[in-house]
Amino acid sequence: MRYDLVIFDNDGVLVDSEPISNRLLAGYLTELGHPTSYEESLRDYMGSAMHRVHDIVLERTGRRLPEDFDDVFHGRVFAAFERELEPVPGAVGVLEKLAADGVAYCVASSGSHERIRVGHRKTGLHRFFDDGRIFSSQDVGKGKPAPDLFLYAAERMGVAPGRCVVVEDSPLGVEAAVAAGMDVYGFTAMTPASRLAGAGRLFGDMAELADLLAD
């Protein structure tokens with residue numbers, strides 16, 4: 001293994017949550033008078049922290065989202081997670097292989113700690129992630145594309161940035177990892193490869209990742 005730490009994004013990389021959350025986000029924004037398609041939600045918000053949604057809507061319309069926007073949205077997302085959420089195919093096998101080989105890994109997500117834990121509990125991934133392996137944009141001042149979250153995760157895990165690899169599926173996440181001085185593997189299952197061009201390697205099947213990391 002050429003790396004001392006594998007840092008996973010969560011949504012779309014470990015849990016198959018992006019179709020659910022972006023469908024609901026597009027619907028809620030449209031409901032509030034900000035017409036948004038599913039494809040537009042993926043383009044503009046995938047991989048970002050919630051403050052980016054507020055910032056973009058305010059910039060484009062001059063109107064602020066309701067104060068309870070985050071609470072209402074997360075309530076809808078968590079209810080849908082309980083009904084629909086599954087792990088990304090191949091994710092369990094990758095985590096089992098890393099754990100068996102003694103390779104350090106963690107998750108660094110734009111989502112809240114609650115969102116991460118709800119998703120992991122529903123999909124059974126919680127058995128791979130104790131509290132010391134979970135990092136959220138809530139822990140730092142700036143979310144992706146700033147490098148802060150990945151640098152924070154590496155520091156807490158005791159690994160130099162240059163010895164880390166990030167597994168990401170969003171352009172914002174790839175940008176953040178590159179800014180952090182880390183290698184990036186871009187997961188193209190939902191994102192066109194052209195939008196992840198900053199990643200050092202691209203792959204479309206999570207089951208391939210363990211072998212790619214060992215190359």
Side-chain angles (χ1 to χ4, degrees), residues 1-23 25-26 36-53 55-57 59-60 87-91 93-95 98 103 105-111 116 135-137 140 142-154 159-215:
M1 176 70 65
R2 71 178 72 175
Y3 303 104
D4 296 332
L5 176 64
V6 182
I7 303 177
F8 290 94
D9 177 44
N10 190 56
D11 294 293
V13 171
L14 295 177
V15 296
D16 196 15
S17 53
E18 294 291 8
I20 299 170
S21 58
N22 282 281
R23 182 186 76 231
L25 180 58
T36 306
S37 69
Y38 171 73
E39 291 75 18
E40 290 169 337
S41 182
L42 287 174
R43 181 194 68 201
D44 294 341
Y45 306 121
M46 181 174 167
S48 65
M50 287 302 296
H51 67 78
R52 180 177 168 87
V53 181
D55 292 346
I56 289 178
V57 169
E59 178 183 334
R60 290 177 176 173
V88 166
V94 169
L95 293 170
L98 293 177
V103 178
Y105 63 87
C106 66
V107 61
S109 172
S110 294
I116 298 167
F135 305 101
S136 161
S137 62
V140 294
K142 296 180 181 178
K144 305 169 189 178
D148 303 40
L149 176 57
F150 290 137
L151 292 172
Y152 176 75
V159 178
R163 298 296 304 163
C164 300
V165 61
V166 175
V167 184
E168 264 287 355
D169 70 333
S170 76
L172 292 174
V174 169
E175 184 179 344
V178 171
M182 301 176 180
D183 284 355
V184 195
Y185 283 26
F187 183 46
T188 61
M190 281 195 61
T191 308
S194 60
R195 298 196 69 208
L196 302 179
R201 300 188 74 165
L202 300 173
F203 69 107
D205 184 348
M206 190 56 64
E208 301 171 1
L209 180 60
D211 289 339
L212 291 175
L213 290 171
D215 285 348

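- In this structure, Asp11 CG and Asp16 CG are separated by 10.0 Å, a value rounded to the nearest 0.5 Å.
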Q) side chain to side chain contact (heavy atoms under 4.5 Å, CB included) between Ile7 and Phe135: does it pass, once the steps are laid out? A) CA-CA 10 Å; Ile7 303 177; Phe135 305 101; over 6 Å; no
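- Counting only residues at least two apart or in different chains, side chain to side chain donor-acceptor pair (under 3.5 Å) contacts with residues 160-181 comprise Asp4-Arg163, Lys144-Glu168, Glu168-Ser170.
- Of all heavy-atom pairs between Leu149 and Ser109, the closest is CD2-O, 3.4 Å.
- The backbone N or O of Gly111 lies less than 3.5 Å from a partner atom in the side chain of Ser136, making a donor-acceptor pair.
- Not counting sequence neighbours, the partners of Ser41 by the side-chain hydrogen bond (donor to acceptor under 3.5 Å, both in side chains) test are Asn22.
- Side-chain contact between Pro147 and Met182 is absent, with no heavy-atom pair separated by less than 4.5 Å.
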**Q.** side chain to side chain contact (heavy atoms under 4.5 Å, CB included) assessment of Val88 paired with Phe187
**A.** CA-CA 11 Å; Val88 166; Phe187 183 46; 4.0 Å; yes
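- Taking all atoms of both residues into account, the shortest heavy-atom contact from Arg23 to Tyr38 is N-CD1, 3.6 Å.
- Taking 4.5 Å as the limit, some side-chain heavy atom of Val15 sits within range of a side-chain heavy atom of Asn10.
- The two residues Ala153 and Cys106 have their closest heavy-atom pair at CB-SG, 4.2 Å.
- When every heavy atom of Ser110 is checked against every heavy atom of Gly47, the shortest pair comes out as OG-O, 2.8 Å.
- In this structure, Ala180 and Phe150 approach most closely via the heavy-atom pair CB-CB, 4.1 Å.
- Shown here are the ring-ring contact (aromatic ring centres under 6.0 Å, His included) partners of Tyr45, two or more places apart in sequence or in another chain: there are none.
- Annotation: the span from Glu39 atom CD to Asp44 atom CG amounts to 11.5 Å, rounded to 0.5 Å.
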Pairs under 3.5 angstrom only: tabulate donor-acceptor contacts from the side chains of residues 193-215 to other protein residues two or more places apart or in another chain.
unit_1, atom_1, unit_2, atom_2, d
Arg195, NH2, Arg43, O, 3.4
Asp205, OD1, Ala207, N, 2.9

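- Contacts of Arg2 classified as side-chain hydrogen bond (donor to acceptor under 3.5 Å, both in side chains), with partners at least two apart in sequence or in another chain: none.
- One distance of note links SG of Cys164 with CG of Leu151; it measures 9.0 Å at 0.5 Å rounding.
- With contacts defined as side-chain heavy-atom distances shorter than 4.5 Å, the pair Val6/Val103 qualifies.
- Note: Leu5 CG to Leu98 CG = 10.0 Å, rounded to the nearest 0.5 Å.
- For Ser21, the side-chain hydrogen bond (donor to acceptor under 3.5 Å, both in side chains) partners are Arg115, not counting sequence neighbours.
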